[in-house]
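Taking it in order: structure first as structure tokens, then the write-up.
Reminder, nothing fancy here: chain letters follow the sequence lines and each chain counts from 1.
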Amino acid sequence: MLWRPPRAAGRPDGTRIIRRSSRATATRPPFRSMQEKYNPAEVECAARAHWQASQSFRAVPRPGKPKYYCLSMFPYPSGKLHMGHVRNYTIGDVLTRWHMMRGFNVLQPMGWDAFGLPAENAAIQNSVPPAKWTDDNIAYMKQQLQSLGFAIDWTRELATCKPDYYKWNQWLFLRMLEMGIAYKKTQVVNWDPVDQTVLANEQVIDGRGWRTGALVEKREIPGYYLAITQYADELLADLDKLPGWPERVRTMQANWIGKSIGVRFAFPYELDGEPGKLWLFTTRADTIMGVTFCAVAAEHPLATRAARDNPALATFIDECRRGSVMEADMATMEKKGMPTGIFVSHPLTGEKVEVWVGNYVLMSYGEGAVMAVPAHDERDFGFAKKYGLTIKQVISVSGQAFSTDAWQEWYADKQSGVCVNSGKYDGLGYAAAVQAIAADLKARSLGDTQVQWRLRDWGVSRQRYWGCPIPIVHCEACGSVPVPDDQLPVVLPVECVPDGSGNPLARLEAFLACDCPKCGKPARRETDTMDTFVDSSWYYARFASKFAADAMVDEETNYWMPVDQYIGGIEHAILHLLYSRFWSKVMRDLKLVSYDEPFAHLLTQGMVLNHIFSRRGEKGGVSYFAPDEVDLAYDANGKVTGATARADGQPVNYGGIGTMSKSKRNGVDPQSLIEHYGADTARFFMMFASPPEQTLEWSDAGVDGAYRFLRRVWAFGHLFAGEIRTRIGARQLATAKLGATLAGLRREIHLLLKQANYDLAKQQFNTVASAAMKMLNALEKAPRDSALAAEVVEEGLSILLRTLSPITPHIAHALWCELGFGDDILAAPWPEPLGTALAQDEIELVLQVNGKLRGSLRVAANATTAQIEAAALASETAQKYMEGKPAKRWWWCRAGWSMSCCEP
RNA sequence: GCCGGGAUGGCGGAAUCGGUAGACGCAGCGGACUCAAAAUCCGCCGCCCGUGAGGGUGUGGGGGUUCGAGUCCCCCUCCCGGCACCA
């Protein structure tokens, strides 16, 4: 869809900015024709028309210019833009435009993460096909994005729900099957027994299905996995290749991958006359002599066997099946267990150890069994206390007394403990004990050291309709057969309307029926679709490519990739970013791309919050009030003392601050903001209110302040055009000697510019906005009575407009043209502070005595240390606070100012 | 529960390498302009004591290092993100 101005104002050719007054002033220079009042709608319309006409954001490879690929996480088309999007994309746009002005060849694309659950929920609610709902949302949100003036190359737009995109999900999945990376095994899912359907974790509320209220069960079904663990070593090691990522994200990923070296070993047993081995893994082999029981998962073969002739245990195992599969729930739920009556032998002592079934042991993790050392593991300790099991101390820390009464932190200490009650291992520390015990287990062929990863393989099968079909055909004779490349894509039918009771694909004969690619006989298609994280694992590479019909990516990808700056929410710190890194490495191993890591620099932006107001209803329910439906009362200090609903004047409760959400009614619609104030105000407030990585609190008053500032910028431009600019004669600023006032003003502007440039490099945009405000404050107070003064102001204004332009591009563009600085501010060079402007004759020093601030001192900028010390000692401050004693020590701090100190 | 992060006036936040805490903005208070209002402009604004000059105190709480700590170290509290099927 082509860009269309939302209103009729302005001309699409973009050659002139303001039309209304142009007839009366047609013969004057353009800067004299500008309107006195800031009219954001006109200004923004015209600026966008200019960018559209000159194809300003079309990105093509240009050898010889440094490239900059700036990518914001693409949105899920949920209906309309929310403030989080506005914030995310404004950050990206500021970086994009800043780099454009600094001579980079910039690519900033945009697209749609278009498969996912909300489309199915909307279908259930409104009986709209997910495809239609999604397409409508994309059209609306695209128009919203365009009205915000982002410097996006829309020729590269893509949506992951379109066959020309997801074909390549399927194609790469088939390559992964060939490589042995994709494979099939059972997975545990949430099962709603009433709707007979698999539920997502978010559809399980307090252990019940969201629609039916039925108790959710765990169910094992087959599914496809991607062996991300084959890349675990590289994913961990390559974190060191990402210095442009926040330290905390790298730490989170490293912990998630979770490399640990431990011991995998077995407890031998004999059951039903057959010998067997209970395998398990531990990182605390040094405590092996303290094992008093073992625990297995409810689905473990030993548990199943024991339940055969133990109805109580069978009931307990059944109970374990109910409940959520989420790790957070598993970790916080009450630990329960039951003995199986089966005993295994301790691999080193031969002692009999009983096997229990524990609801906290996961079959899908490790071997589905754990050794229990109640004395040195907090969870085992609680479990043993609850069921009266033996607690045997085998680690001691000198000076600490062990007691089974209560758990103490040091019981689990690896650093300072040594083995006790452990026979030949007594006295050994952690590392030595693990080594000795592993060697002994190996000698008995009952175990060995093993590297263990916390990271699990990525289950990609989803029993849902609105996703990318998994390209597999099920044939009675041939089994699961991959769809041949020349039959791709397997197209998802777009007319289905899910109703919440299972996947509609499973009932759609037109989709299901097919011929087996191998034997040609009638067969059935796989109805599972792929996790939507697959879609978002490689979209950045497609953006950088020419969208070829016959290739996943082409050569151009290697020009733009890796992404120089990736921007998105901190909530994606682990899964999306890890999956993308993994997918990139697979593509690299297939020689599709030439990079190891997809994202060179990462900026994780904080969430957008707003105030929450509520009132408890007569029946006990809580109703929420939107912030604009509430009046606040203040005390004399400006502190909020209460709130009342505008509708009825009755008090409402202030519920603090929280993420914007529909249910709390505290969301702010970007659309109304844009219509009311314009995109520049929205963008400026977003950048000014807090630094990108922190949460941002919404404030209507703050938005007003941003709007007020932009009006002042406009008014100053008008003043400059009418009064100041006419004073400028022969250009003399480069050579003239400025008086103290003008030199001070010029120095202030250049100092602010220096700070703004520093902060841009740090990606701290709130202080860039604040520097622009300070520049305007200085310019408004500036003398303007001479040609030289006018020239200083002109220079300052040109710096201000350029500093502002990445944040508020429309108004900066309009004023730049109107005031005669040039045709296109995007083509103007980014300003740099001048040494001559920053120089000063005198500097102010601060005096501290014993670390306390006591006074200040002005000295010549070129004064020597000795001169400054002499002046400091002679100062009133020294007389008063040093009581005539000589300074014992001096400290000199940062350049530009310093301080001194004496000790008593 | 585990992993990661955060806490500075009435509010959002600033303080670049351990060196003037509170820049900039919002809210509030006082004033100018106006018939009036809006808009705009000027001034004040951490807390306590003091008429004032000035003094003390202060960056979630407790301890420590240092001439000097919002910043570094240890302990604690509260809040937020993630926990593998929300995206």
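Distance A:E571 CD to B:G82 P: 6 Å, rounded to the nearest Å. Here the P atom of nucleotide B:G4 and the CD atom of A:E693 are 17 Å apart, to the nearest Å. One can place NZ of A:K762 at 13 Å from C1' of B:G13, the figure rounded to the nearest angstrom. Rounded to a whole Å, the CD1 atom of A:I205 is 12 Å from the P atom of B:C86. Here B:G13 presents its P atom at 14 Å from CE of A:M687, a figure rounded to the nearest Å. A:Q755 has its CD atom 11 Å from the P atom of B:U16, to the nearest Å. When the C1' atom of B:C83 is taken as reference, atom CD of A:E202 falls 15 Å away, rounded to whole Å. In this entry the distance linking CG of A:D377 with C1' of B:G1 reads 12 Å, nearest Å.
When the nearest nucleotides of RNA chain B are assigned to A:Y758 and A:N777 by heavy-atom distance, the more 5′-ward of the two goes with A:Y758. Both A:N255 and A:E697 sit near RNA chain B, but only A:N255 has its closest nucleotide nearer the 5' end.
Between B:C67 and B:G43, the two C1' atoms lie 39 Å apart (nearest whole Å). Spacing between B:A87 and B:A14 at atom P, rounded to whole Å, works out to 34 Å. Comparing the P positions of B:U8 and B:C3 gives a spacing of 25 Å, expressed to the nearest Å. Look at the C1' atom in both B:C80 and B:G60: the space between them is 15 Å, to the nearest Å. Here the separation of B:C72 from B:U16, taken at their P atoms, is 12 Å to the nearest Å. For the P atoms, the distance linking B:U59 with B:C47 amounts to 15 Å, nearest Å. Across B:A15 and B:A21, the matching P atoms stand 16 Å from one another, rounded to whole Å. B:C42 and B:U57: their C1' atoms are spaced 32 Å apart (whole Å).
One finds no side-chain N or O of A:Q764 lying less than 4.0 angstrom from the OP1 or OP2 phosphate oxygen of B:C24. Taking 4.0 angstrom as the limit, A:R708 places a side-chain polar atom (N or O) nearer than this to OP1 or OP2 of B:A27. Under 4.0 angstrom from either OP1 or OP2 of B:G13 there lies at least one side-chain N or O belonging to A:Q694. Remark: A:T532 is in phosphate contact with B:A87, judged by side-chain N or O atoms under 4.0 Å from OP1 or OP2. OP1 or OP2 of B:U40 sits under 4.0 Å from a side-chain N or O of A:R711.
B:C74 adopts an anti glycosidic conformation, its chi angle falling more than 90° from 0.
The distance from atom CG of A:L199 to atom CZ of A:R219, rounded to the nearest 0.5 Å, is 11.5 Å. Between atom CD of residue A:E378 and atom CH2 of residue A:W407 there is a gap of 6.0 Å, rounded to the nearest 0.5 Å.
With distances taken from any side-chain atom of A:R248 to the nucleotides B:G5, B:A84, B:A87, the minimum falls on B:G5. Here the side chain of A:N201 is nearest to one of B:A14, B:A84, B:A87, namely B:A84.
Checked for salt-bridge contact, A:E334 and A:K386 meet the test: a charged N lies under 4.0 Å from a carboxylate O.
No more than 12 heavy atoms of other residues, nucleotides or ligands lie within 6.0 Å of NZ in A:K754, so this atom counts as exposed by the packing criterion. A:K185 NZ: more than 12 foreign heavy atoms inside a 6.0 Å radius.
A donor atom on one side chain and an acceptor atom on the other are not found under 3.5 Å apart for A:R211 and A:N121.
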